[in-house]
Amino acid sequence: MVVPDNCTSELWITYRQASRSHKQATAQLIDVGDSTHLIDLEDVLDRVFEQGFVDSKWRSVIWWEDCTSMRLKASTTVQDLLVRGVGSTPETALRLIIVDIPVAIWVHYEYVHCGHQYTATQRFRLEMPDFKCERLAHITNYIFAKGYLPSKTRSLVSWKAASGKVIEESAKVEDVLSWGEGVCEEKPLCLVIVELLRLESADGRTYDATV
């Protein structure tokens with residue numbers, strides 16, 4: 001990486017681990033001079049894993065933010081950051097966010113065969129008091145207990161990944177997050193709801209049915 005004369009060849013980062021959210025973040029100064037071949041943030045992250053500073057098992061739940069908590073693309077070049085003064089001092093250090101324990105899961109409500117063109121995406125904090133959240137079934141129960149969905153649809157919901165793969169209610173939340181599912185608003189876990197339709201029989205009686 002070619003660093004302009006008025007820029008430093010070192011980059012400040014801090015490790016922001018979910019498991020240490022109530023403790024002082026650890027800072028590190030990384031050499032990004034020409035000989036290091038660290039072109040963008042993905043290169044820096046690769047170096048972090050190569051050196052063993054962070055366990056590679058967290059690769060799917062890790063990302064960069066600047067000092068204002070704005071998420072940065074992995075393709076952002078180190079040179080561009082330093083020119084803008086980002087990461088050039090301890091005060092402007094980049095943040096490496098590491099969700100090494102579940103803190104929240106994002107859920108998108110997806111209706112099947114109905115007129116809901118736009119539906120909500122909701123964040124569930126896993127640190128809430130009296131909220132047991134070991135498996136997806138616990139989240140499902142919480143959603144119905146809070147009245148977010150009508151109880152009559154309880155037997156008509158299921159979970160799926162962004163890829164469309166069905167995920168069982170028995171799946172552990174920690175495992176789901178480690179797959180990269182539900183870790184952010186852009187990649188939520190989907191709760192699929194088959195909506196009941198009110199139909200009328202030949203004799204004039206109404207009843208609920210699914211499509």
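Just so you know, these numbers use all the heavy atoms, side chains as well, and skip hydrogens, waters and symmetry mates. Positions are given from 1, in the same order as the sequence printed here.
- Thr89 contributes atom OG1, which lies 4.5 Å from atom CD of Glu91 (distance to the nearest 0.5 angstrom).
- The two residues Thr119 and Tyr109 have their closest heavy-atom pair at OG1-O, 2.5 Å.
- Distance OH/Tyr111 to CG/Leu156: 11.5 Å, rounded to 0.5 Å.
- Linking Ile, Leu, Val, Met, Phe, Trp and Tyr residues whenever their side-chain heavy atoms come within less than 4.5 Å leaves Val32 and Leu29 in two separate clusters.
- Only one option out of Asp40, Val44, Val83, Ile39 pairs with Val78 in a side-chain contact (heavy atoms from CB on, under 4.5 Å); it is Val44.
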Handout entry: side-chain contact (heavy atoms from CB on, under 4.5 Å) between Ile62 and Ile97, intermediate numbers included
Key = CA-CA 5 Å; Ile62 195 169; Ile97 310 300; 6.0 Å; no
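- The CG atom of Leu191 sits 11.5 Å away from the OG1 atom of Thr121 when rounded to the nearest 0.5 Å.
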Exercise for the section: For the pair Trp159 and Leu189, evaluate side-chain contact (heavy atoms from CB on, under 4.5 Å) and give the outcome as yes or no after the intermediate values. Expected result: CA-CA 7 Å; Trp159 293 98; Leu189 193 63; 3.5 Å; yes
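- Arg16 contributes no side-chain N or O that, together with a main-chain N or O of Leu96, makes up a donor-acceptor pair within less than 3.5 Å.
- Judged by distance alone, the side chain of Gln122 and the main-chain N or O of Trp106 form no donor-acceptor pair under 3.5 Å.
- When hydrophobic clusters are built by joining Ile, Leu, Val, Met, Phe, Trp and Tyr residues whose side-chain heavy atoms come closer than 4.5 Å, directly or via intermediates, Leu38 is not grouped with Trp12.
- Of the inter-residue distances, the one linking Ile13 atom CD1 with Glu65 atom CD reads 13.5 Å to the nearest 0.5 angstrom.
- A 4.5 Å side-chain heavy-atom check between Val48 and Val54 finds at least one atom pair inside the cut-off.
- Looking at every heavy atom in both residues, Leu82 comes nearest to Glu10 through CD2-O, 3.7 Å.
- At least one side-chain heavy atom of Ile139 sits under 4.5 Å from a side-chain heavy atom of Cys133.
- A side-chain donor-acceptor contact under 3.5 Å links His108 to the backbone of Ala120.
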Exercise for the section: Go through the steps to decide whether Val103 and Val99 satisfy the test side-chain contact (heavy atoms from CB on, under 4.5 Å), and finish with yes or no. Expected result: CA-CA 7 Å; Val103 293; Val99 187; 4.2 Å; yes
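- Residue Glu50 qualifies as enclosed at atom CD: its count of foreign heavy atoms under 6.0 Å is above 12.
- The distance from atom CZ of Phe49 to atom NZ of Lys57, rounded to the nearest 0.5 Å, is 12.0 Å.
- Pairing each heavy atom of Ser9 with each of Asp31, the nearest pair is O-OD1, 3.3 Å.
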Handout entry: salt bridge (charged side-chain N to carboxylate O under 4.0 Å, His left out) between Arg47 and Asp43, worked out
Key = CA-CA 6 Å; Arg47 179 62 55 85; Asp43 291 330; over 6 Å; no
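- A side-chain N or O of Thr140 and one of Glu169 form a donor-acceptor pair less than 3.5 Å apart.
- Between the side chain of Arg95 and the main chain of Thr14, no donor-acceptor pair closer than 3.5 Å is present.
- Both cation-pi conditions hold for Arg71 and Trp63: the charged atom is under 6.0 angstrom from the six-membered ring centre and inside a 45 degree cone around its axis.
- Between Arg123 and Glu185, the closest side-chain pair of non-hydrogen atoms is not below 4.5 Å.
- Distance check: Trp64 CH2 to Leu41 CG gives 6.0 Å after rounding to the nearest 0.5 Å.
- Pairing each heavy atom of Asn141 with each of Arg154, the nearest pair is OD1-NH2, 3.5 Å.
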Practice task
Dump the intermediate steps for side-chain contact (heavy atoms from CB on, under 4.5 Å) on Ile98 and Tyr15, then the final yes or no.
Solution key: CA-CA 7 Å; Ile98 310 161; Tyr15 296 95; 4.0 Å; yes
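- For the residue pair Leu126 and Ile105, the shortest heavy atom distance occurs at CD2-CG2, 4.0 Å.
- Proximity of a side-chain donor or acceptor of Thr76 to a complementary backbone N or O of Leu81 within less than 3.5 Å is not detected.
- Nearest heavy atoms, Ser178 versus Ser60: O-OG, 2.6 Å.
- A 4.5 Å side-chain heavy-atom check between Leu72 and Leu94 finds at least one atom pair inside the cut-off.
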Problem - Stepwise salt bridge (charged side-chain N to carboxylate O under 4.0 Å, His left out) check, Glu110 with Lys160 - result: CA-CA 10 Å; Glu110 181 178 309; Lys160 75 173 184 178; 2.8 Å; yes
